[in-house]
Each structure stands twice: as structure tokens, then as C-alpha cells.
Amino acid sequence: MKWLITLNKWWAFGIFVLLDTICVGMGMGVPIFCILFGFLVGWYITRVGIERSEKLEIGVSQFLPYALITAGYTFLVMLVIWGRWLGVLLD
């Protein structure tokens, strides 16, 4: 389990992208699996932030940008899936 915490951030992000894409596919565009997966990702982000920083304040300041990146990726995938229907919804 220690290897997961010490994983390079780019490898971790690549694994996240793969698993998040699978979660979107399993939900067929309804992000319930992405939301559930978000709990695990949130745990991972906080755990890594605490493990890698010497002061808690430094670790906490890293949580929000990482959370915004992961939420932004999921939003982008949802926008690709549902984007063509925005015109219909706003009509």
C-alpha cells in the first residue's frame, strides 16, 4: 500500500483518467460512479498531501487545486458526452 502513496503524481493522474473514464462509461453519462469514485480520489489526495508535507498547512493548500483538476476532468468528459444536447435542453 505504501507504493500507492509514493506514486509519481503524473502516474497517479494517468490512472485517475483511465478509471474515471471507465466510471463514466459504466454510468452511461450519469456520473453516479464518478461521484462514488470521487470519495476514493478525495481520500487519496488528502492522504498523499499529508504524507508528503512536513506541515499540515502545506498539505491542506494542495487539496483544492487537485480536487479542481479531477472535477474539471470529469466535467469535461460529461460536456463531451452531453454537449450536443445542450441546445435541446435550452430550447
Side-chain angles (χ1 to χ4, degrees):
M1 188 67 159
K2 189 68 173 173
W3 67 271
L4 187 62
I5 302 301
T6 60
L7 193 61
N8 182 344
K9 67 179 176 180
W10 294 109
W11 275 102
F13 184 69
I15 292 170
F16 163 76
V17 166
L18 176 71
L19 292 177
D20 193 58
T21 305
I22 290 170
C23 287
V24 169
M26 287 181 357
M28 299 302 261
V30 180
I32 186 69
F33 294 114
C34 294
I35 292 168
L36 295 175
F37 182 55
F39 290 117
L40 294 173
V41 172
W43 171 84
Y44 177 77
I45 289 172
T46 55
R47 179 69 187 231
V48 168
I50 291 171
E51 289 284 329
R52 291 185 181 173
S53 65
E54 295 176 6
K55 294 182 179 180
L56 185 59
E57 294 84 18
I58 297 170
V60 172
S61 68
Q62 296 174 356
F63 298 160
L64 186 60
Y66 290 149
L68 289 175
I69 290 169
T70 58
Y73 176 75
T74 304
F75 179 74
L76 182 67
V77 172
M78 289 296 157
L79 195 61
V80 168
I81 292 172
W82 291 102
R84 60 188 169 138
W85 291 100
L86 286 177
V88 174
L89 291 173
L90 298 174
D91 188 20

Path from Leu36 to Val41 over hydrophobic side-chain contacts below 4.5 Å: no
Closest heavy-atom pair and its distance - Cys34, Val24: SG-CG2, 3.3 Å
Linked, directly or transitively: Trp43 and Ile35 (ILVMFWY side chains, under 4.5 Å): no
Hydrophobic clustering (ILVMFWY, side-chain heavy atoms < 4.5 Å, transitive) - are Trp10 and Leu18 grouped together? no
All heavy atoms of Thr21 vs all of Tyr73, minimum pair found to be OG1-OH, 2.9 Å
Please find the pair of heavy atoms, one from Phe37 and one from Leu19, that lie closest to each other, and give the distance. CZ-CB, 3.5 Å
Shared ILVMFWY cluster between Val17 and Leu76, side chains joined below 4.5 angstrom? no
Would you say Ile22 and Phe33 are hydrophobically clustered, going by side-chain heavy atoms of ILVMFWY under 4.5 Å? yes
Spatial distance of atom OH (Tyr44) from atom CZ (Phe16) [nearest 0.5 Å]: 12.0 Å
Tell me every residue that passes side chain to side chain contact (heavy atoms under 4.5 Å, CB included) with Leu79, counting only those two or more places apart in sequence or in another chain. Phe75, Leu86
